[in-house]
Protein chains: 2
Amino acid sequence: MEQTIIPDIIVGRLPVYLNMLQHLSAENVQVASSKELGDLMGISAAQIRKDLSQFGEFGKQGRGYSVVYLISELQNILNLNQVWELAIVGAGSLGRAIANYPGFKHNCFKVSMLFDSDPKIIGSRIGEFVVKNPETMDFEIRNSGIKIAMLTLPASVAQETAEKLVNSGIIAILNYAPISLKLPNGIHVQYLNPVQNLQHMTYYLK
Amino acid sequence: MEQTIIPDIIVGRLPVYLNMLQHLSAENVQVASSKELGDLMGISAAQIRKDLSQFGEFGKQGRGYSVVYLISELQNILNLNQVWELAIVGAGSLGRAIANYPGFKHNCFKVSMLFDSDPKIIGSRIGEFVVKNPETMDFEIRNSGIKIAMLTLPASVAQETAEKLVNSGIIAILNYAPISLKLPNGIHVQYLNPVQNLQHMTYYLK
DNA sequence: CATTGTGAACGGGTTCACAGCA
DNA sequence: TGCTGTGAACCCGTTCACAATG
């Protein structure tokens, strides 16, 4: 059915829709129209309908979308019917905070490993994790089959570490380090950089 | 000169360019062509030239762009010639990690205040900050003239807290809470949500 | 009768291609 | 010669508008 390739910009909005639907579901909302959803998210109703129509017909004319049904369809589309294990590389304060962030486990993600190159903390316990030695990283990741890593280390070592991760079988990286990664085609990278978000906003201030 | 309104999508790329240029500058690179920059960032050379041409003529034909000069122009455009003070609301592990993140001070941002509603930690010291009582938030923020806040608290209280911040004079919010904020026009909001970034990538996995 | 799904129209962002210039 | 700056062409994402429908 879905022979055409879906624009990445549409894929990127699906998690936004899913998040909003989960909030509505938590408030026991049963049905929502594209107009209601759009108003809540600041997106046009037409865009929501068009986006969803790329994947199937999930709504009912005159009624709207069943919240729980649309949630399950979006989870299906986004491959969220399994638990995705995560490796965190970098156990500084940010890496630790993320390791203990409760939001992952409620969304089909599970932090499984935490690496850091600092000999002073290798082997020590952080929350429920024992900090692992990066020298064992290749074996650990390859062996576990983990596909997703989060990079929370200084920019200076982010590129080389990302390359090692890719060589170990990682195919998706969420990069918190403030640097552009140069990686082979087929490797998915997303960037989280608060400084860039702030700089984007300061353009409009003053 | 710049009478036309600049598309937000272009503004959002300027911090990316700036970041790359700062890395090049740190490596003592003097000049870079749009092609070199594009290759480094995975962006087309034409796009970089077109984006920059919205703001002026910063390059030299046959040579490229002076790295330090382009950095200073971009900082100018993005209003980074002043220190922007930040308030963090929510002193959980994420808020604490961000409060001590060294990347801000090297980029014209300075965390000035840290709020949390937990009576057990109000008044306690976290790094160089004393956790402040949210009841004093309106006074503190209005008094200091802080314009930017970072929200690092649970989704359940993010909306009401954001509204309070806006009433206190905040006009830009970097929201780490996993929820869409509904705020008046003119308030700038950027979202950081690792779960959504991960879900975006899992679409392409398996 | 309200709302979906969708072709068509629209608009705007990206790429192209080249004149202009150091 | 090499690279910028930029109008024009192109492409793609968004909005429009309405037939279809529970």
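On a predicted model such as this, the values are computed, not experimentally measured, just so you know. Numbered from 1 within each chain, the chains take letters A, B, ... in sequence-line order.
At least one side-chain heavy atom of A:Met113 sits under 4.5 Å from a side-chain heavy atom of A:Ser144. The shortest side-chain heavy-atom distance between B:Leu52 and B:Leu74 falls under the 4.5 Å cut-off. Residues B:Asp8 and A:His200 are in side-chain contact: their nearest non-hydrogen atoms beyond the backbone lie under 4.5 Å apart. Contact of the B:Arg49 side chain with the B:Tyr65 side chain is registered, since non-hydrogen atoms from C-beta on lie closer than 4.5 Å. Using a 4.5 Å cut-off on side-chain heavy atoms (C-beta onward), B:Asn19 and A:Val195 make no contact.
With rounding to whole Å, B:Leu70 atom CG is found 11 Å from D:dT4 atom P. To the nearest angstrom, P of D:dG22 lies 14 Å from OH of A:Tyr69. Following rounding to the nearest Å, A:Ile48 (CD1) and D:dG13 (C1') show an atom-to-atom distance of 15 Å. The OH-P distance, from A:Tyr17 to C:dT4, rounds to 13 Å in whole Å. Atom CZ of A:Phe58 and atom P of D:dG22 are 17 Å apart (whole Å).
Partner of A:Leu165 under the side-chain contact (heavy atoms from CB on, under 4.5 Å) criterion, chosen from A:Ile148, A:Ile171, A:Ile141: A:Ile141.
There is no side-chain donor-acceptor pair under 3.5 Å between B:Tyr203 and B:Gln199.
Distances shorter than 4.0 Å separate none of the side-chain N or O atoms of A:Tyr65 from OP1 or OP2 on D:dG22.
Enclosure of atom CZ in A:Arg13 by more than 12 non-hydrogen atoms of other residues, nucleotides or ligands within 6.0 angstrom is indicated.
Near DNA chain C, defined here as any heavy-atom distance below 4.0 Å, the residues from residues 31-39 of chain A are A:Ser33, A:Ser34, listed numerically.
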Q) Which letters describe nucleotides 13-22 of chain C, given B = protein heavy atom under 4.0 Å from base, S = only from sugar-phosphate, - = neither? A) SSB-B--BBS
